[in-house]
Structures are given as C-alpha cells and as structure tokens.
Amino acid sequence: MTKSIPFGLRALSPLVVLCCAHPALAGAFLVQEQSVKETGRAVSGAAVAADGPASIYFNPASMTELEGVQVEAASQFLFLSASQEDQGSTRGVPGLPLQVPTGGNNGGNPFPQPLVAPSGAISAQLSDNVWAGLSVNSPFGLIADYDDGFFGRYDTLRADVFTVNVQPSLAVKLGDNVSVGAGVDVQYIDVELTNAVPNLAPTAPDGFARVKGDDISVGWNAGIMVELEPVRIGAHYRSQVKHNLEGTFDLSGLLGPLEGSNASVDATAPLTLPDIATVSVLFGTDTPWRVFGTWRYYNWSDFKEIAIYPEGGVPPQISEQNYKDSWSMSLGGEYDVSDKLTLRAGTAFDQSPITDAFRSARVPDADRVWASAGLTYNMSKTFSANLGYSHVFVDDAPLDRTDAFFEGTPAEISTTIRSASSGDADILAFSVGARF
C-alpha cells in the first residue's frame with residue numbers, strides 16, 4: 001500500500017465535519033429548528049416555553065406543564081442559498097515552484113430546494129407528578145452538492161448526511177414550583193462525502209475521493225424549571241455525543257505514477273458533538289402576553305481536529321479544525337389574541353465557532369442574525385396548528401485555506417481555495433398538535 005492513499009484521506013478528513021454541517025442556519029453544524037413554535041420566536045423560549053411536546057427536546061422538565069397525552073408532528077422546510085466566488089484559487093505542480101489557477105465554475109447553489117427536517121414528539125402524564133415523553137428529530141444534517149468542475153472541488157464536491165435522534169425522557173414535579181427532567185439521546189448518523197483529487201499534471205482529469213460511514217451512539221440531557229409567577233426560569237444541559245463512524249474510503253481516477261494509489265479501504269473517523277448549556281427566562285406566565293429570552297453556550301473548543309484511521313497499517317490522518325466556544329442569544333414574545341389565535345415573533349444572534357484561518361467551502365460558516373414570526377391556531381379543544389417563519393441573515397466570509405495531497409512525497413501537491421462566501425436562508429415550518 002503506497003503512501004498516497006493516506007494523504008488522499010488527509011485531504012478528505014476535514015469533510016467529516018460536514019456530517020453535521022448546516023452553515024446557513026446554526027453555529028457550525030447544529031440544526032436549531034426542532035420546534036415550529038421556537039422557529040416562530042427565534043428559539044427564545046427553548047428551556048422554558050413548555051407549550052407543547054416539541055419542547056421535550058429543549059428541556060424534558062417542560063413536560064410537567066403538559067396535561068394528559070399530547071402529540072405533535074412537524075416539518076421544517078429549509079430554503080438555503082449559498083454561493084462561492086473565486087478569488088484566485090490555485091494548485092501546485094510537483095517539482096516546480098509555481099501555482100496554477102484551479103479553474104472551474106462557481107459550483108452553483110449546492111443545496112436542493114427545499115431541505116426537509118421532520119420531527120415529532122409525544123408526552124403522557126402518568127400521575128399527578130410524573131410524566132414520560134419521546135422526541136424524535138434530526139439535529140444534524142445536510143445535503144450539499146456542488147456542480148462538476150467547481151473551482152473548490154479539491155475542497156469538497158458533495159456531502160450527504162442523515163441523522164436521527166431518539167430521546168426518551170422522564171419528568172417529575174417536585175412541588176408546586178420546581179420540576180426536573182432527564183432524557184437519553186440515542187443518535188444515528190450516516191455520511192457520504194466526496195471531493196476531487198489532483199493528478200500530477202494540471203491538464204489531466206481529476207481523481208476522485210469518497211468516504212462513507214455510519215454509527216449509533218448515546219448521550220444524555222437534563223433540565224430544570226422553576227415557577228416564580230409571573231416569571232418562569234429554565235435551564236438545560238445536553239451532553240456530548242461521541243461517534244465513531246465506520247465505513248469505507250475510496251480513491252480512484254489517479255493516473256501515471258499515482259495509479260497504484262487507487263484503492264478502497266475500511267476506515268473509521270471519531271466525531272465528538274459538543275455539549276450545550278441553555279438558560280431561558282419567561283415573563284408573563286399569568287397574562288395573555290409573554291416575553292422570552294434565551295442564552296445558549298456551545299462547548300466547541302473540544303473540537304480541535306478531525307482524524308481518520310484507515311486499516312492496513314496506514315497511519316492516522318489529522319486535520320486541524322480548532323473551533324472556539326460560541327454562544328447565541330435570542331429574544332421573543334407572543335400574544336394570545338383570543339382563545340383560538342396566538343401570534344409570536346423573535347430575533348436572535350448566533351455566533352459561529354469557526355475561525356477565519358480554518359474556514360473552507362466544506363463549512364463556510366459565519367455569524368448570523370434571525371428574524372422570525374409565527375402563530376398558533378386552536379382548531380378545537382383537541383387539535384391545533386402551528387406555523388413559523390424565519391429569515392436568517394448570514395455574514396459574508398472569506399475563504400483562504402491550503403491543503404496538501406500526497407504530502408511528504410515527490411508527488412506532493414498543495415491546493416488553495418480563495419473564495420468569497422455568502423448566503424442566507426428562509427425557514428418555513430408547520431406542525432399539527434393534539435391533546436387528549
């Protein structure tokens with residue numbers, strides 16, 4: 001087995017980040033959109049709203065405010081727009097002290113329209129002070145597909161990611177004013193990622209690298225709610241989930257002296273998703289109007305690198321990421337116009353954990369601001385419908401990143417993507433709820 005294979009893996013390893021990447025909507029690869037009501041108020045009521053079973057994901061203690069049995073089914077439709085503008089991307093030529101233009105098109109908008117994120121939840125009151133619930137959603141995921149001939153093809157071509165998080169939970173009311181809850185997160189992830197690999201001659205067709213893997217891992221979460229009328233305070237903690245993706249790495253299309261590097265090998269890639277702390281406050285528990293505020297902290301600094309471990313004696317391949325801890329803050333409000341109709345709105349600032357020095361087309365993440373609105377319509381005492389809309393303004397961000405292929409060999413080729421990245425998003429969310 002030649003050394004070219006692991007350095008092909010090295011070039012691909014940062015792509016594993018995309019198994020959670022959602023650059024337009026949440027810091028790095030967290031998908032915030034797990035509740036239609038929270039979409040309508042910019043996630044400002046996350047740990048404290050307690051107004052439907054979708055709140056179980058944000059704080060299982062919220063179930064103690066849900067009488068009887070309640071069910072909610074939702075879909076979030078994500079209309080994402082992203083573009084890359086070439087600012088002089090280049091590739092090297094082995095043995096020569098020069099860089100030549102990568103060439104190619106701008107890749108188009110890589111996101112299909114729309115991306116759909118379904119979710120569902122159910123809660124059941126078991127006694128005067130005990131509740132059980134189940135939340136099923138997709139907290140990480142992306143389908144991004146750049147056009148063939150993209151100038152950033154050595155960085156990425158395609159990312160197809162699917163996750164399912166199943167969270168069974170229990171909640172207990174300790175008294176009139178205090179509730180606690182906890183849940184287990186059983187999380188499945190499946191990833192397919194590809195990028196081009198340069199051949200020795202710039203005029204030769206590119207090689208092709210593909211990694212595919214999946215995993216099931218377990219985490220946990222816990223929360224508390226305290227009622228101090230007319231104020232309610234909630235706090236929630238979600239643990240890290242440590243995945244170890246198992247699958248295959250394929251390298252093909254290499255020519256001439258590199259042809260012997262074409263191969264298919266088994267590989268693993270560990271991926272740790274961050275722990276998240278949330279604090280929320282609600283003013284107006286006993287009035288037709290309510291004001292919400294939420295602050296969330298994301299422990300991204302543990303995500304320092306991506307490592308791929310291929311079989312067959314190939315050494316580990318490391319790609320630095322060096323994420324920083326980040327935070328988000330949101331403010332929202334809602335008003336009960338009548339017994340049937342509630343209107344809501346909100347705004348949020350969401351900080352990106354990615355620094356300029358490590359940004360790439362794989363995760364062209366930047367700070368973002370939300371503007372949201374929504375409503376609930378109670379069709380009867382049993383059924384209700386919820387509608388939410390958010391527009392997400394994403395800051396423009398520069399890309400200037402160099403990666404090496406076949407590093408440490410006479411065939412070493414460096415590629416540099418220089419790009420101006422921009423984008424935004426529209427989120428349309430709808431759910432139906434029932435209570436029995």
Side-chain angles (χ1 to χ4, degrees), residues 1-15 17-18 83-108 110 146-158 193-211 249-263 305-306 308 314-315 317-322 354-364 396-422:
M1 185 174 295
T2 69
K3 294 183 69 176
S4 300
I5 295 174
F7 295 115
L9 274 168
R10 172 171 294 178
L12 245 183
S13 61
L15 282 173
V17 179
L18 273 175
S83 65
Q84 299 294 328
E85 182 180 348
D86 193 4
Q87 303 291 305
S89 300
T90 60
R91 56 149 289 170
V93 181
L96 297 177
L98 61 88
Q99 296 283 316
V100 299
T102 299
N105 57 59
N106 65 7
Y146 287 95
D147 294 341
D148 292 340
F150 172 42
F151 71 81
R153 59 191 177 275
Y154 302 127
D155 195 29
T156 187
L157 279 173
R158 178 176 171 81
L193 308 164
T194 72
N195 68 274
V197 178
N199 269 298
L200 297 180
T203 56
D206 292 323
F208 183 76
R210 174 180 177 268
V211 63
F249 170 77
D250 298 293
L251 187 59
S252 61
L254 297 180
L255 306 174
L258 299 178
E259 187 173 358
S261 299
N262 293 321
E305 63 186 23
I306 294 294
I308 288 183
V314 178
Q317 304 305 304
I318 307 299
S319 174
E320 292 185 357
Q321 300 300 310
N322 292 326
I354 296 177
T355 59
D356 288 347
F358 294 92
R359 184 178 292 110
S360 79
R362 303 175 181 107
V363 188
D396 294 347
L399 277 68
D400 189 353
R401 177 168 179 143
T402 298
D403 290 294
F405 292 78
F406 319 114
E407 189 177 6
T409 75
E412 181 172 339
I413 301 171
S414 65
T415 64
T416 300
I417 180 172
R418 298 183 181 92
S419 177
S421 177
S422 60

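Note that the structure is predicted; figures quoted are calculated from it, not measured. We're numbering straight along the sequence, starting at 1.
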Between Q99 and S414, is any side-chain donor less than 3.5 angstrom from a side-chain acceptor?
yes
To the nearest 0.5 Å, tell me how far S419 OG sits from N106 CG.
9.0 Å
Euclidean distance, I413 CD1 relative to N199 CG, rounded to 0.5 Å:
7.5 Å
On a heavy-atom basis, which atom in E412 and which in A404 lie closest, and how many Å separate them?
OE2-CB, 4.2 Å
Ignoring hydrogens and angles, state whether a donor on the side chain of S421 or Q84 is under 3.5 Å from an acceptor on the partner side chain.
yes
For F151, which residues count as a ring-ring contact (aromatic ring centres under 6.0 Å, His included) partner, sequence neighbours excluded?
none
Between R158 and T156, which heavy-atom pair has the shortest distance, and what is it?
N-OG1, 3.9 Å
Nearest atoms (heavy-atom pairs only) where P94 meets A411:
CG-O, 3.8 Å
More than 12 heavy atoms of other residues, nucleotides or ligands under 6.0 Å from CG of D148: yes or no?
no
Under the rule for side-chain contact (heavy atoms from CB on, under 4.5 Å), what residues qualify as partners of P202, not counting sequence neighbours?
R91, V93, V100
To the nearest 0.5 Å, how far apart are CZ in F150 and CG in N105?
8.0 Å
Return yes if some donor-acceptor pair links the side-chain N/O of N262 with the main-chain N/O of L254 below 3.5 Å, else return no.
yes
Any donor and acceptor pair, going by atom type alone, linking the side chain of D403 with main-chain N or O of I417 inside 3.5 Å?
no
Nearest-0.5 Å distance, CZ of residue R418 to OG1 of residue T102
8.5 Å
Measure the spacing between OG of S89 and CG of D400 and express it to the nearest 0.5 Å.
9.0 Å
Got a salt bridge between D155 and R401, using NZ or NE/NH1/NH2 to carboxylate O under 4.0 Å?
no
Please name the pair of heavy atoms, one in Y154 and one in F405, separated by the smallest distance, quoted to 0.1 Å.
O-CZ, 3.7 Å
Closest non-hydrogen atoms of L255 and A204, given as atom of the first, atom of the second and distance, are CD1-CB, 4.3 Å
Of the non-hydrogen atoms in Y146 and A361, which two are nearest, and what is the gap between them?
OH-O, 3.3 Å
Find the distance between CG (D250) and OG1 (T194) and round it off to the nearest 0.5 Å.
11.5 Å
